[in-house]
Protein chains: 2
Amino acid sequence: MKETLLCPRLSKAMELLGKRWTALIVYQLMDGAKRFNEIESSLPISGRLLSERLKELEKEGIVERTVFSEVPIRVEYNLTEKGLALKEVVGGIETWSKEWL
Amino acid sequence: MKETLLCPRLSKAMELLGKRWTALIVYQLMDGAKRFNEIESSLPISGRLLSERLKELEKEGIVERTVFSEVPIRVEYNLTEKGLALKEVVGGIETWSKEWL
DNA sequence: AACATAAGGTTACTTTATGTAACTAAATAT
DNA sequence: ATATTTAGTTACATAAAGTAACCTTATGTT
């Protein structure tokens, strides 16, 4: 695999969004905060991977994690401004899928 | 991994676009037909996987393959109407990446 | 006290996807 | 006969994803 002159930002964006589940997780958060188990139930993803993806998204500043120290513990995830900006992208994919799939 | 009520078309779209390299291949074809080696040179992808992805995209009707029986052989790939419709999606990702990455 | 429950994970292990490098086919040129 | 070129394919190694069992904390039940 050799190096190229491909736009590094587009490349980075695809590394994120092109990772399995990432866009669908963002999609789940598009209409407001959700808890870990809610996301897990709404997608055919395993807890292991959901945990991994949420960490990545948090590190990228796309998702924000809020812990409520109740019993049992409650953790909510919601999109940051950066994440909300992805609405257009995911919306575009949704539109395309409705027209062509 | 359990079943969900997730929109099957969006789900399918993400299975395609969320596969490594797929969107970047489409991006490479956005400004006209390209040959196998041209795509391979413009992306850090291996020939093995490029071949696999192009077959998938062809099967999905996103990419069209044209063989020119010259010597040496020449094969061109270009987007179908369905593939061209993805310009907006990939363009949206590009826009987002420029603003947020 | 002993056990169960619940959320939000983590760990160990298996299967699938991706990356690497060498090889093939066809037609021509040296 | 050997080399060159394009567009792949094959065999093998490594990385990522899937599965299932387990952990922690704080309560609630027997």
Side-chain angles (χ1 to χ4, degrees), chain A residues 1-4 6 11-29 32-60 63-79, chain B residues 1-4 6 11-29 32-60 63-79:
Chain A
M1 229 167 56
K2 52 210 154 312
E3 44 189 296
T4 66
L6 182 65
S11 190
K12 171 85 186 294
M14 285 317 308
E15 247 170 71
L16 275 172
L17 298 178
K19 218 162 208 169
R20 200 161 189 197
W21 305 118
T22 306
L24 291 175
I25 293 169
V26 170
Y27 182 76
Q28 292 301 316
L29 296 178
K34 279 200 176 175
R35 305 175 59 170
F36 189 91
N37 274 339
E38 286 182 287
I39 305 173
E40 198 179 6
S41 310
S42 57
L43 290 177
I45 191 181
S46 64
R48 192 186 85 50
L49 217 44
L50 177 56
S51 172
E52 198 173 300
R53 286 292 179 277
L54 285 170
K55 268 186 212 158
E56 291 164 5
L57 288 169
E58 197 192 351
K59 202 180 60 184
E60 290 295 331
V63 156
E64 193 181 25
R65 182 173 185 271
T66 313
V67 181
F68 298 85
S69 299
E70 306 170 351
V71 170
I73 195 175
R74 181 161 61 99
V75 181
E76 280 191 358
Y77 293 89
N78 61 283
L79 295 177
Chain B
M1 231 167 51
K2 52 215 158 307
E3 46 189 295
T4 65
L6 181 66
S11 190
K12 172 83 186 294
M14 285 318 306
E15 248 170 70
L16 274 171
L17 298 179
K19 220 160 206 169
R20 197 161 192 197
W21 305 117
T22 306
L24 291 176
I25 292 169
V26 169
Y27 181 77
Q28 291 301 317
L29 295 177
K34 280 200 177 176
R35 306 175 58 169
F36 188 91
N37 274 339
E38 286 183 287
I39 305 173
E40 198 180 6
S41 310
S42 56
L43 291 176
I45 191 181
S46 65
R48 192 185 90 46
L49 217 43
L50 178 56
S51 173
E52 200 173 300
R53 287 293 180 275
L54 285 169
K55 268 186 212 158
E56 291 164 5
L57 288 169
E58 197 191 351
K59 203 179 61 188
E60 290 295 331
V63 156
E64 193 182 24
R65 182 175 183 269
T66 314
V67 180
F68 297 87
S69 300
E70 306 171 352
V71 169
I73 195 174
R74 180 160 63 99
V75 181
E76 281 191 359
Y77 293 89
N78 60 285
L79 296 176

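In what follows, chains are A, B, ... by sequence order, proteins preceding strands, each numbered from 1. Source: prediction; values computed, not measured.
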Taking the minimum atom-to-atom distance to the side chain of B:R20, which one of C:dG9, D:dA17, C:dG19 wins? C:dG19
If I take atom CG in residue A:L49 and atom C1' in nucleotide C:dT15, what distance separates them, rounded to the nearest angstrom? 14 Å
Can you tell me how far P of C:dA29 sits from CD of B:E70, to the nearest Å? 14 Å
Does A:R48 contact D:dT19 through a side-chain donor or acceptor facing the base, at a distance under 3.5 Å? yes
Just list the side-chain donor-acceptor pairs under 3.5 Å for residues 66-74 of chain A, sequence neighbours left out, or say none.
unit_1 : atom_1 : unit_2 : atom_2 : d
A:E70  : OE1    : A:R74  : NE     : 3.2
A:E70  : OE2    : A:R74  : NE     : 3.4
A:E70  : OE2    : A:R74  : NH2    : 2.9
A:R74  : NH1    : A:E76  : OE2    : 3.0

When the distance from CZ of A:R35 to C1' of C:dA7 is rounded to whole Å, what number comes out? 7 Å
Just the rounded figure in Å: distance from C1' of C:dG9 to CD1 of A:I45. 13 Å
note: A:R65, atom CZ; C:dG8, atom P; distance rounded to Å ~ 9 Å
Inspect the contact between B:E52 and B:R48 and indicate whether a charged nitrogen and a carboxylate oxygen are less than 4.0 angstrom apart. yes
Contact list for DNA chain C against residues 50-59 of chain B - heavy-atom distance below 4.0 Å: B:R53
Does C:dG19 have its OP1 or OP2 closer than 4.0 Å to a side-chain nitrogen or oxygen of B:W21? yes
DNA chain D contacts made by residues 71-79 of chain A, counting heavy atoms under 4.0 Å: A:V71
Expressed in angstrom and rounded to an integer, what is the separation of A:F68 atom CZ from D:dT25 atom C1'? 18 Å
Take atom CD1 of A:I39 and atom P of C:dG8, then tell me their distance rounded to the nearest Å. 9 Å
